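Structure, as structure tokens:
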Amino acid sequence: MKFASAYEPGEYESDIYAAWEAEKAFQPKTTKSRAKNARKAAENASEEHINPVDHTYSIVMPPPNANGNLHIGHGLTIALEDSLIRYHRLLQDETWYIPGADHAGFETWVVYERSLEKTGHTRFEYTRDELYKNVWDFVAEQRGNMELQLRALGASCAWDDLTFTLDDKVVKRVYETFEKMWQDGLIYRGEKLVNYCPKHQTAFADIEVEHKDEKGFLWDIAYPLAHGEEEIIVSTTRPETLFGDSAVAVNPNDARYADLVGQTVKLPLSGREIPIVADEHADPTYGTGAVKITPAHDYDDFEVGNRHDLERIRVIDDQGKMQNVPEKYLGLTTEECRKQVLKDLKDQGLLRDEKRILHSVAHCYKCDTVIEPTLKEQWFIDVETLAKAAIRHLKKGEIKFYPENKGKVLINYLEGLKDWNISRQIPWGIPIPMFRKDPENTDKNLPEWIFDTHVENQTLEKDGVTYYRDEDTFDTWFSSSHWPIVCTNWAEGEESPFYPLNVMETGADILFAWVARMIMMGIYVTGSVPFKEVYLHGLVLDSHGQKMSKSKGNVLNPLELVEKYGSDAFRLGILRGRSAGLNQAFSEDSVKTGRNLCNKLWNISRFVQELIDTNNEAGEGKPFFADILPANEKMYIPDDPDGFARRAVPPAVQRMTFSRETGAAKKVFTSPAQPNVSTNSMGEDWICREITSAREDLMAEMQGYRFAEAVETLHSLIWDKYADWFLESQKMYKNLPLLKRTLEDILKLLHPFAPFVTEAIWQNLSWTDGMLIDQSWPTPLEYDPISAENFDRLREVVSEVRRTYQDIPGNKKYPLLFGDDSLVDDNQVLVQKLTGAPSVSPSDGTPKGIRIALANRELYLDVDEKTVKEYSDALDERILAVGRELNALNARMMNPNYVDKAPKHLVKETEDAIKEKESLIDRLKKERDLIQ
RNA sequence: GGGUUGUUAGCUCAGUUGGCCAGAGCACCUCGUUUACACCGAGGGGGUCAGGGGUUCAAAUCCCUUACAACCCACCA
């Protein structure tokens with residue numbers, strides 16, 4: 001006996017993964033990076049072993065943070081993507097699942113800066129280049145963890161092709177695009193308001209800012225007119241910025257202020273004179289209807305400033321301190337300055353009102369500091385042409401979205417997209433390859449900026465002029481928008497069989513930040529959309545539908561669940577009850593269900609193997625998998641200085657006796673080497689039908705990304721059908737070749753979702769060869785449909801007998817007698833086995849005991865009269881129930897419209913059902929009369 | 001203000017173009033240990049598919065409407 005009585009995932013998973021990896025089972029045969037190997041393989045291999053590449057199937061992994069640990073969302077991502085990949089691998093597609101690691105610019109930077117602070121240092125003690133080097137080392141120390149975790153989840157990705165977001169090929173591609181955009185005039189340097197975090201001292205894209213509703217105040221401040229006694233009262237939530245005011249705006253239709261437009265006011269506490277302008281921006285119904293305009297520190301005011309050509313005065317510096325203000329306020333923080341200004345205004349009698357209000361305030365998504373809209377020179381992409389092209393392709397339906405509505409949502413977003421700020425003031429990222437002319441040099445004929453990729457230099461000499469490198473780095477989304485292009489090694493003018501990707505799978509929360517940008521960039525760089533389909537998953541919530549968060553303490557760690565229940569259990573669990581785009585709950589219970597299914601399958605296999613062993617020619621077989629691979633020999637020790645070197649093949653794996661050769665010459669099983677099977681009994685025809693139809697259902701479900709349904713289909717096939725009925729029937733009639741074949745098919749069908757247990761079983765079975773991961777998707781099984789249907793009837797009989805046993809008072813089983821009933825007559829042994837009846841035998845022709853409540857069946861339980869009487873209540877209930885069903889059916893037939901208009905086959909079904917119910921009720925009544 | 005989603009059994013969710021007595025897993029109740037599995041087997045209870053209206057022979061499914069819940073975008077001086 002090779003199978004333990006319960007499946008222990010911990011004993012198999014890491015060894016199995018190591019074996020797959022050692023066999024290069026995850027690498028596609030032909031990718032550009034492996035073209036040389038493939039050519040060599042083609043030379044060495046005999047032709048029939050090389051399967052021509054008909055279909056390619058590629059997915060790029062959304063790169064997890066190289067510096068972090070995987071969370072539950074990654075767990076879901078891997079479960080989804082790896083199932084797709086493994087499914088297509090079984091279909092013999094040329095699959096390429098490309099793994100990645102993200103430098104996660106800002107995220108990593110924050111972690112690094114925090115660790116730096118702990119040592120008592122700050123970033124300002126180092127040059128940009130030093131900092132970059134330091135973070136690189138910092139990340140190198142950490143990374144590797146993430147890759148181990150991907151392996152634990154079973155991700156069958158092409159490790160040879162792992163791409164890090166700071167790899168040379170990424171940087172090269174990003175620079176090419178940037179240069180192209182620069183030449184196309186899509187890049188501009190602009191002084192614009194940016195979302196600036198004073199703590200991190202960097203700007204953010206709009207999308208990275210979190211708006212929160214907060215309690216605050218609305219103050220009314222009197223601005224005296226420059227000439228005369230009058231004053232105008234403005235409403236503001238930010239009195240400290242009044243030093244930066246360039247105007248006061250009122251609505252052009254606001255009669256109250258009509259005669260003031262064109263006059264000037266004296267700014268309190270400063271005395272500077274500013275105009276009163278008419279602008280639609282001022283809402284007459286809000287506050288006093290007059291609003292101060294601070295173009296350098298407010299988005300709307302910036303626009304107003306443009307319309308009226310107003311001065312932009314920055315009064316808050318990069319550190320969040322006051323500047324360009326009267327001596328008294330200089331150097332104060334915005335908060336201190338606000339207090340002081342309010343006090344001084346109050347003292348001067350200019351503070352007229354203070355109202356509590358609720359308003360939304362922008363916060364840094366990382367440190368929660370209030371975002372200061374700040375005037376800064378930054379690099380921007382003019383997104384209009386990019387967005388328009390993207391919309392055009394989307395409207396043509398070139399990308400199919402799951403869920404479907406996200407396509408519309410995306411178009412909606414692109415239509416209102418504002419220019420994209422791609423500068424970040426953090427050293428950890430890809431340097432912007434632009435150099436600025438020496439400010440001392442005033443030669444107007446020279447360009448202000450020049451493009452050059454020699455960013456390793458801080459300065460550049462050209463024609464005797466010195467240029468200084470821009471110190472900023474790219475927004476990470478700018479580089480990651482190239483992900484499908486870079487990972488698939490797309491190149492201008494060359495064939496790229498793996499681009500566009502078949503599907504982009506990622507979180508619905510980054511539809512705008514990432515998916516939108518990949519689409520724009522893909523079209524801009526390659527001329528075609530970067531993927532054919534997009535599957536977006538929602539958030540994984542806790543069991544009560546609450547967002548997981550550290551503060552709530554409801555975070556589930558995927559790796560802990562893998563450790564506890566196994567990788568397969570986790571994957572099955574997280575896919576259960578989940579559909580595209582929705583935020584849905586998840587709990588440990590669903591993982592347990594997955595674990596139970598794995599164990600069920602394990603025991604099914606154990607049982608099948610037992611049947612084979614005890615009924616077959618004994619002896620032959622191959623060594624037990626667990627004997628070859630000692631469980632204590634773990635793989636993947638990060639052993640390399642740069643964190644990304646390949647792991648050595650463990651000796652245990654080298655000892656394995658698999659038939660296939662290691663390397664690129666992947667042996668492909670083009671014609672399934674499955675035994676010819678034939679069916680000898682109803683149950684066998686039935687299971688062949690069920691497997692075949694489940695196979696078809698699965699294919700449709702995978703096509704439509706209905707993962708949860710696929711899992712359910714498999715659960716029901718394995719548990720309710722294969723184990724509960726087929727195996728039970730095989731305890732009576734054994735068909736060894738069919739047992740083998742059907743078990744193999746089931747292993748293949750489940751393999752995409754539960755790769756480890758299925759492979760572990762495959763390795764433990766005595767007759768299988770090679771590795772399951774390399775097998776091909778099962779072909780349909782042949783069966784006699786009539787015979788399969790007869791088994792359905794037999795199942796009805798068995799179920800009804802079991803139900804009747806349950807209903808009879810006392811826990812006793814009674815002999816089953818059959819009259820003129822060939823189905824039961826022909827299958828007496830099986831019926832006895834399945835019902836647990838003490839005996840099954842022909843009746844003497846006269847009804848006695850309890851009749852089994854099935855139409856067209858002459859079956860009795862040989863029950864003594866006393867018990868029959870006790871049972872009569874249940875019988876009455878049964879008669880009533882059938883009567884109700886009959887009434888409903890009759891009512892339908894009484895409706896002439898139904899008979900006329902409904903499809904004929906439905907009407908016929910109803911008629912048949914009525915006949916059956918009538919006959920049943922007739923029999924039941926007779927039986928009741930007999931009892932009474 | 002604009003957009004999106006959800007409301008189906010105690011819980012978490014399926015239900016593909018309208019059509020067999022509305023399904024699954026978990027939980028619950030009863031019974032059980034027979035050639036694998038108690039991470040088990042057999043049987044069972046439980047839903048007027050959020051409310052209202054409409055279209056249809058037929059609606060959880062299509063249309064309108066109300067309520068509740070969640071999310072995204074924009075704005076909030």
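Note that the coordinates shown come from a computational prediction; the quantities given were computed from them, not determined experimentally. Below, chains carry the letters A, B, ... as their sequence lines are ordered, and counting in each starts from 1.
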message = Just to be sure I understand the rule, does A:D900 reach a base, reach only the sugar-phosphate, or reach nothing, if contact means heavy atoms closer than 4.0 Å?
response = nothing
task = Indicate, with a heavy-atom threshold strictly under 4.0 Å, whether A:T294 touches base, sugar-phosphate, or nothing.
result = nothing
query = Considering every strand shown, what is the Watson-Crick or G-U wobble mate of B:C26 when both distances are under 3.5 Å?
reply = B:G10
task = Report yes if at least one side-chain N or O of A:T614 is closer than 4.0 Å to OP1 or OP2 of B:U35; otherwise report no.
result = no
request  = Would you indicate what A:E588 reaches in the nucleic acid, counting non-hydrogen atoms under 4.0 angstrom: base, sugar-phosphate, or nothing?
outcome  = nothing
task = Classify the side chain of A:K600 and the base of B:C37 as holding, or not holding, a donor-acceptor pair under 3.5 Å.
result = yes
query = Are the charged groups of A:K564 and A:E588 less than 4.0 angstrom apart, N to O?
reply = yes
Check ion pair A:R571-A:D568 (N to O, under 4.0 angstrom) = no
note = Which of B:A36, B:U5, B:C57 is nearest the side chain of A:L582? It is B:U5
message = Please report the distance separating the C1' of B:G2 from the corresponding atom of B:C26, rounded so that it comes out in whole Å.
response = 40 Å
task = Look at A:E280 together with A:R307 and state whether they make a salt bridge at an N to O cut-off of under 4.0 Å.
result = no
ask   = Quick one: is A:N596 getting a side-chain N or O under 4.0 Å of the B:C40 phosphate, OP1 or OP2?
value = yes
message = Could you tell me how far B:G32 sits from B:G51 if I compare only their P atoms? Round to whole Å.
response = 41 Å
request  = Would you indicate, yes or no, if B:U35 has its OP1 or OP2 atom less than 4.0 angstrom from a side-chain nitrogen or oxygen of A:K833?
outcome  = yes
ask   = If the C1' atom of B:G18 is compared with that of B:C57, how far apart are they to the nearest Å?
value = 12 Å
task = Examine B:G41: is either OP1 or OP2 under 4.0 Å from a nitrogen or oxygen in the side chain of A:W719? Give yes or no.
result = yes
query = Is there a donor on the side chain of A:R576 or the base of B:U12 sitting less than 3.5 Å from an acceptor on the other?
reply = no
request  = Assess whether one donor atom and one acceptor atom, taken from the side chain of A:K731 and the base of B:A36, lie less than 3.5 Å apart.
outcome  = yes
message = Whether A:R803 and A:D807 form a salt bridge (side-chain N of Lys/Arg under 4.0 Å from carboxylate O of Asp/Glu) is what I want to check.
response = no
query = Taking 4.0 angstrom as the limit, do A:E918 and A:K915 come out as a salt bridge?
reply = no
ask   = Is the base of B:A24 touched by the side chain of A:E709 through a donor-acceptor pair closer than 3.5 angstrom?
value = no
ask   = Can a side chain N or O of A:R578 be found less than 4.0 Å away from OP1 or OP2 on B:C13?
value = no
task = Tell me what A:Y7 touches on the nucleic acid: a base, only sugar-phosphate, or nothing, going by heavy atoms under 4.0 Å.
result = nothing
message = For a quick check of understanding: with a heavy-atom distance under 4.0 Å over all strands, which category does A:A708 fall into, base, sugar-phosphate or nothing?
response = nothing
remark   = Among the nucleotides B:A42, B:A24, B:U12, whichever has the atom closest to the side chain of A:E712 is B:A24
task = Could you tell me whether the phosphate oxygens of B:C26, OP1 or OP2, come under 4.0 Å of any side-chain nitrogen or oxygen in A:R595?
result = no
request  = For the side chain of A:D724, starting at C-beta, report the closest nucleotide among B:C21, B:A42, B:G32.
outcome  = B:A42
ask   = Mind checking the C1' distance from B:C31 to B:C68? Whole angstroms is fine.
value = 43 Å
task = Answer yes or no: does a side-chain N or O of A:N811 lie under 4.0 Å from OP1 or OP2 of B:G32?
result = yes
ask   = Are A:K552 and A:D542 close enough for a salt bridge, meaning some N to O gap below 4.0 Å?
value = no
message = I want to check one thing: is the phosphate of B:A14, taken as OP1 and OP2, less than 4.0 Å away from some side-chain N or O of A:S579?
response = yes
inquiry  = Measuring from the side chain of A:K734 (C-beta onward, heavy atoms only), which nucleotide among B:U35, B:C26, B:A36 has the closest atom?
reply    = B:U35
query = Is any side-chain nitrogen or oxygen of A:K406 closer than 4.0 Å to OP1 or OP2 of B:C71?
reply = no
Nearest to side-chain heavy atoms of A:Q806, which nucleotide of B:A42, B:C57, B:C20 = B:A42
message = Pairing check on B:A58: which nucleotide meets the Watson-Crick or G-U wobble criteria with it, both distances under 3.5 Å?
response = none
query = Taking the side chain of A:R606 as its heavy atoms from C-beta onward, which of B:A36, B:C39, B:G19 lies nearest to it?
reply = B:A36
ask   = Salt bridge between A:E800 and A:R802, side-chain N to carboxylate O under 4.0 Å?
value = no
inquiry  = Side chain of A:N599 only, heavy atoms from C-beta on: which candidate in B:C31, B:C72, B:C37 is closest?
reply    = B:C37
key: OP1 or OP2 of B:A14 under 4.0 Å from side-chain N/O of A:Q584   = yes
remark   = Scanning all shown strands, the Watson-Crick or wobble mate of B:A69 with both distances under 3.5 Å is B:U5
request  = Check whether any side-chain heavy atom of A:V383 sits under 4.5 Å from a side-chain heavy atom of A:L414, and report yes or no.
outcome  = no
task = Determine the Euclidean distance between corresponding C1' atoms of B:C49 and B:A9; express it in Å to zero decimal places.
result = 10 Å
ask   = Taking the same atom, C1', in B:A24 and in B:U17, what whole-Å distance lies between them?
value = 23 Å
request  = Go through B:C26, B:G44, B:C20 for me and flag the one nearest to the A:R803 side chain.
outcome  = B:G44
remark   = Out of B:U35, B:C26, B:C21, minimum distance to the side chain of A:L889 belongs to B:C21
